[in-house]
Amino acid sequence: MTAPLPLPRLRLIRPTTVEAAVAARVECPQHEVLAGGTDLLVNLRRGLLAPPALIDITGIAELDEVRTTADRTRIGALVRLDRLAEDPAIASRHAALREAAVAVAAPGHRRLATVGGNLCLQTRCIYVNQSAWWRAAHGACLKSGGEVCHVAPEGARCHAAFSGDVAPALIALDAEIEIAGPAGRRRVACADLYHEEGRAHLRLDSGEIVTAIEVPTSIAHSGYLKERIRRSFDFPLAGVAIACRTEGAELSALRIAVTGTNSRPLLIEGTDALLGRRIDESVLAAAEKLVARQVRPMRTTLFPANHRRSVAAALARRLLGALGAPDAAAGRGHAGGTA
Amino acid sequence: MFDPGPIPGKRLLRIRLNGRWREDAVADDQLLVDYLRDTAGLTGTKTGCDGGECGACTVLVDDEPIPSCLTLAARCEGRSVETIEGLAAGGRLHRLQQAFHEKLGAQCGFCTPGMIMAAEGLLRRQPDPSEAEIRAALAGNLCRCTGYVKIVESVRAAAAADA
């Protein structure tokens with residue numbers, strides 16, 4: 001292993017309002033937004049980007065609030081992951097969100113990392129997340145300034161995988177993302193924050209920043225399961241979030257989202273066909289098949305792509321089975337530890 | 001021609017370091033771990049992986065253990081930072097240092113300052129932790145020598161010593 005570079009020379013811009021942060025981004029689109037820094041500072045030291053300045057938004061108090069109403073939970077983009085993991089209101093209303101927050105990295109990272117930062121996490125690939133020395137020895141790829149994707153040299157796009165844990169939970173829970181930009185604020189469904197392109201996976205326009213998340217309380221049961229190489233803390237080989245509602249014993253809502261397999265967190269299509277049915281073996285098998293068919297893992301981790309496809313499908317089956325079990329409300333314990 | 005790049009911003013940082021307030025000029029791009037080691041001369045805090053993966057640089061900021069290699073020094077303005085050097089008092093080892101010594105929780109010792117600071121953060125929150133709580137609190141701290149058994153025993157011994 002070679003040592004990372006020192007941080008590139010840069011300066012900090014420290015706005016105290018959303019408007020000032022947006023203005024700083026408009027003034028220079030190359031500036032990067034700094035929240036917890038657990039992803040960005042490492043990427044800076046790996047030489048993956050070299051912004052002239054960091055816009056440190058942690059002084060914007062408005063973005064650090066959790067507000068609950070009967071039908072929604074509003075979570076500011078700067079709310080830290082350890083707070084999401086410990087907040088009893090989040091745990092009782094949005095189990096998948098709590099389980100996803102707990103599954104991110106290690107306790108020290110979660111004390112720094114924010115929900116907005118985890119949503120905007122850079123995509124990852126074994127050819128990119130290396131030292132500058134390693135990348136220079138191997139030759140640059142599409143994402144690091146070269147001409148070719150080493151994962152799929154015949155293709156024209158970057159296949160770096162989205163590896164955030166919180167996004168699939170929010171997609172399953174049907175959350176909306178609030179975005180502030182030069183034209184004011186807008187909202188998008190969480191899945192629509194992303195493109196299937198590893199170099200530019202975020203659908204944010206120039207000057208825009210993520211300011212808040214709104215999670216509806218309409219879906220009662222949810223959970224998140226994650227598999228990773230190093231269980232104590234690691235990015236996902238695959239992670240699956242499911243939110244569902246049952247009436248009687250029959251499914252009346254079902255949303256499945258997967259991370260770690262594509263360049264974006266993927267909302268699985270076709271789950272409506274399973275509504276009206278009990279969560280039995282045939283429904284579990286159907287959910288497993290939906291996931292296996294739709295995810296597109298590529299050779300972006302040390303583990304083979306096919307293995308990650310199998311893992312994602314198996315996690316979906318296991319999680320849906322657990323949510324459908326009579327004692328689902330009692331919880332499955334620590335999500336990361338059971339995957 | 002050599003291009004020195006843009007001049008980094010600099011600011012006065014006022015922090016409470018191991019109980020004493022101090023002021024230093026720090027560059028905007030200075031990491032907390034580099035501030036502690038190079039400016040304050042506190043080399044007990046280790047640089048291991050340098051990328052947030054090993055926990056050897058763990059220090060307490062306002063009683064919470066965080067990796068100092070993932071924190072800009074400038075963002076600790078007005079806050080309390082504690083390092084391994086701040087634990088022993090009056091020539092006596094801190095309870096965790098004593099326990100790591102007696103229970104053989106340190107072998108090569110490189111991860112030990114981070115382990116002890118992460119454990120100290122835990123004991124301040126939870127004075128009587130279970131083994132599972134200890135392992136969860138130390139999940140971000142890697143050790144290549146001990147296999148962790150002796151480290152967990154050391155933290156338990158320190159908690160018991162405090163009871």
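Sequence lines set the chain letters: A, B, ... in the order given, protein chains first and strands last, and positions in each chain run from 1. The shown structure was predicted, so the numbers you read here are calculated from the model rather than taken from an experiment.
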* Structure fact -> Looking only at B/G55, B/G52, B/P65, the option with the highest number of non-hydrogen pairs under 4.5 Å against chain A is B/P65

* **Most contacts with chain A, counted as non-hydrogen pairs under 4.5 angstrom, among B/V61, B/D34, B/N141, B/L70** => B/L70

* Do the side chains of A/V42 and B/E53 get nearer than 4.5 Å, heavy atoms only? -> no

* Do B/D62 and A/R111 have side chains that get closer than 4.5 Å, going by heavy atoms? ->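 Contact flag for B/D62/A/R111 side chains = no.
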
For [X] and [Y], which heavy atoms make the closest approach, and how far apart are they?
X	Y	value
A/L112	B/P67	CD1-CD, 3.9 Å
A/R9	B/D29	CA-OD2, 3.1 Å
A/A106	B/G140	CB-CA, 3.3 Å

* Structure fact -> Bottom line for B/T47: the part with an atom under 4.5 Å from chain A's heavy atoms is neither

* Asked: Can A/R45 and B/L31 be said to form a side-chain contact (heavy atoms from CB on, under 4.5 Å), step by step?
  -> CA-CA 11 Å; A/R45 299 182 79 189; B/L31 294 165; 3.1 Å; yes

Partners meeting side-chain hydrogen bond (donor to acceptor under 3.5 Å, both in side chains) with [X] (sequence neighbours left out):
X	answer
B/Q30	B/T39
A/R80	A/D82, B/E64
B/T146	none

* Report, by ascending residue number, the residues of residues 130-138 of chain B in heavy-atom contact with chain A at a distance under 4.5 Å; give 'none' if the set is empty. =>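 Under the 4.5 Å heavy-atom cut-off, B/A136, B/A137 qualify.
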
* If you draw a 6.0 Å radius around CZ in B/R22, do more than 12 non-hydrogen atoms from other residues or ligands fall strictly inside? ->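 For B/R22, atom CZ is crowded (more than 12 foreign heavy atoms under 6.0 Å).
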
* Hey, is CZ on B/R20 packed in by over 12 heavy atoms from elsewhere, all under 6.0 Å? ->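 Not buried by this count: 12 neighbours or fewer within 6.0 Å.
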
* Asked: Taking it one step at a time, do A/L7 and B/L72 satisfy side-chain contact (heavy atoms from CB on, under 4.5 Å)?
  -> CA-CA 10 Å; A/L7 279 176; B/L72 292 174; 3.6 Å; yes

* To do: Tell me, with the steps shown, if A/R14 and B/R11 meet side-chain contact (heavy atoms from CB on, under 4.5 Å).
  => CA-CA 12 Å; A/R14 306 178 95 175; B/R11 65 191 71 220; 3.5 Å; yes

* Output yes when a side-chain donor or acceptor of B/D28 lies under 3.5 Å from a complementary backbone atom of A/L12, and no otherwise. =>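 Between the backbone of A/L12 and the side chain of B/D28 there is a qualifying donor-acceptor contact (under 3.5 Å).
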
* **A/D39, part contacting chain B, at a heavy-atom distance under 4.5 Å** => neither

